[in-house]
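Down below is the structure, laid out as structure tokens.
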Amino acid sequence: MPFVLKELIMTFYKLGLIGYPISHSVSPQIHSAALKEAGLDGEYKLYPIAPDDKQGLADLLTQVRMGEIHGLNVTIPHKQNVIPLLDELTPTAEAIGAVNTISLQNGKLVGDNTDADGFWNDLQVLVHGKHGISRNLNALILGAGGSARAVAFALLQHGWGVSITSRRIEQAQTLVTHYASQQIKSVLYDPTTLHSLLPILSLIINTTPVGMKSHPQGSPWIDDLPFPPNAVLYDLIYNPAETQLMKDAAQAGLPTRNGLGMLIGQALLSFEIWTGVNVSAEKIDLS
Ligand code: NAP
């Protein structure tokens with residue numbers, strides 16, 4: 001094919017993010033860097049859609065169906081709202097009950113979820129890092145909202161026992177009921193209950209927004225509760241790079257990791273679904 005003609009028919013990838021509010025999102029930076037690294041033309045736009053704007057959501061999905069938009073990420077509050085508007089879910093999105101990636105495949109709108117693999121892949125850096133981890137695969141998840149679902153799914157898939165705690169215990173119980181597995185249980189968010197769990201824990205994951213910039217400062221770890229001696233701590237928060245929880249855990253001798261790797265990982269998995277190109281996380285520099 002003549003070079004000029006090939007250039008003319010190269011796809012201009014129209015990608016974006018649906019959510020609300022999303023003005024703070026760093027996804028455009030990640031995807032712009034991925035497009036550049038992959039040598040593809042395109043853009044990644046923010047589509048703020050208010051929680052009750054059903055028409056706005058439907059109109060955007062129509063644009064994906066028409067091929068006018070090539071891929072969308074979905075974040076709060078639409079990860080579950082979009083499901084009835086899609087034709088198919090991947091087994092992962094179906095199991096988690098939430099969608100973060102939409103693409104058009106063989107004329108069908110398909111919902112996928114890359115949060116679980118993004119988390120799991122990045123967790124390996126912490127778990128198999130220089131510190132290693134005991135063979136005791138028992139995790140405690142703090143918080144039981146949207147991201148906790150994906151985190152719990154990843155851990156259960158890989159044979160971990162999961163305890164999940166939230167200030168509203170019903171929320172943790174709902175998540176436990178959703179997965180219907182012997183390997184997951186809800187536990188009260190109180191010092192006595194959590195203290196009794198400490199000897200078996202090898203991993204703590206924070207999925208609450210406590211400690212995030214412009215959210216409640218402080219730590220979701222209960223005051224005066226010691227940290228388990230042989231555990232590691234993963235905090236889904238990435239801004240600030242080191243939360244109060246991470247500082248306290250590190251002081252108690254726990255290896256820690258923030259959620260930036262998960263954020264980049266889930267983005268690059270979405271990018272691969274849309275473009276077919278696998279970009280390495282090391283190539284994404286957000287500084
Ligand atoms: P979400 O659905 O709102 O869930 C948050 C959970 O934290 C809920 O269980 C909530 O309980 C609990 N919580 C909120 N404030 C709390 C407090 N002061 N004390 C104790 N528990 C509290 O949010 P999400 O989507 O799961 O996101 C949670 C965090 O993860 C955010 O900081 C987000 O930026 C981060 N995140 C990171 C990534 C990544 O790729 N690294 C991906 C997704 C999310 P209540 O309902 O009782 O408030």
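What you see is a predicted model; the values in this text were computed from it and never measured. One-based numbering, in listed order, for ligands and for the atoms of each. Below, each value reflects all heavy atoms present in this structure, side chains not excepted, and no hydrogens, waters or symmetry copies.
The protein non-hydrogen atom at the shortest distance from atom 13 (N) of ligand 1 is Pro209 CD, 3.8 Å. In terms of protein heavy-atom proximity, atom 37 (C) of ligand 1 is nearest to Leu236 O, 3.3 Å. Nearest protein neighbour of atom 46 (O) of ligand 1, counting heavy atoms only, is Arg168 NH2, 2.5 Å. Here the protein heavy atom with the shortest distance to atom 4 (O) of ligand 1 is Gly145 CA, 3.3 Å. Here the protein heavy atom with the shortest distance to atom 2 (O) of ligand 1 is Gly146 N, 2.8 Å.
Closest of all the heavy-atom pairs between Ile222 and Pro191 is CD1-N, 3.7 Å.
Around atom 9 (O) of ligand 1, the closest heavy atom drawn from Arg167, His24, Gln171 belongs to Gln171. The residue from Ile222, Asn258, Thr207 that puts a heavy atom closest to atom 28 (C) of ligand 1 is Thr207. Comparing Gln266, Met262, Arg149, Met212 by heavy-atom distance to atom 42 (C) of ligand 1, the nearest is Met262.
Residues Asp117 and Thr114 have side chains that never bring a donor and an acceptor to within less than 3.5 angstrom of each other. In summary, the side chains of Tyr234 and Asn258 do not present any donor paired with an acceptor at a separation below 3.5 Å, with no hydrogens or angles considered.
Polar contact with ligand 1: absent for Tyr189 (N/O pair, distance under 3.5 Å). For ligand 1, the polar-atom distance check finds no N/O of Ile237 at less than 3.5 Å from any of the ligand's N/O atoms. Residue Ser147 has at least one N or O atom closer than 3.5 Å to an N or O atom of ligand 1.
For the atom pair Leu17 CG and Ser27 OG, the distance stands at 5.0 Å (nearest 0.5 Å). Atom CG in Leu254 sits 9.5 Å away from atom CG in Leu245 (nearest 0.5 Å). With rounding to the nearest 0.5 angstrom, the CD1 atom of Ile22 is 10.0 Å from the OH atom of Tyr47.
Enclosure of atom CD in Gln182 is not indicated, since only 12 or fewer non-hydrogen atoms of other residues, nucleotides or ligands lie within 6.0 angstrom.
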Report task. Show the numbers, then the answer: is there a side chain to side chain donor-acceptor pair (under 3.5 Å) between Gln63 and Asp59? Result -> CA-CA 7 Å; Gln63 288 193 54; Asp59 290 348; over 6 Å; no
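With ligand atoms numbered from 1 in the order given, ligand 1 contributes 16 (C), 17 (C), 18 (N), 19 (N) to contacts under 4.0 Å with heavy atoms of Val210. With ligand atoms numbered from 1 in the order given, ligand 1 contributes 39 (C), 41 (N) to contacts under 4.0 Å with heavy atoms of Gly259. Distances below 4.0 Å separate heavy atoms of Gly143 from the following atoms of ligand 1: 9 (O). Counting atoms of ligand 1 from 1 in the listed order, those under 4.0 Å from a heavy atom of Ile76 are 23 (O), 25 (O). If you number the atoms of ligand 1 from 1 as listed, the ones under 4.0 Å from a heavy atom of Tyr238 come out as 41 (N).
Ring planes of Tyr44 and His31: parallel class, angle under 30° (limits at 30 and 60°). Relative orientation of the Trp120 and His158 rings is parallel, given thresholds of 30° and 60° on the angle between their planes.
With a heavy-atom cut-off of 4.0 Å, Thr208 touches ligand 1 through backbone and side chain alike.
Tyr13 and Trp274 have their aromatic ring centers separated by at least 6.0 angstrom.
The closest donor-acceptor contact from the side chain of Thr207 to the backbone of Leu142 lies under 3.5 Å.
For Ala144, the heavy-atom gap to ligand 1 drops under 4.0 angstrom.
For atom 26 (O) of ligand 1, a protein heavy-atom neighbour is found at a distance under 4.0 Å.
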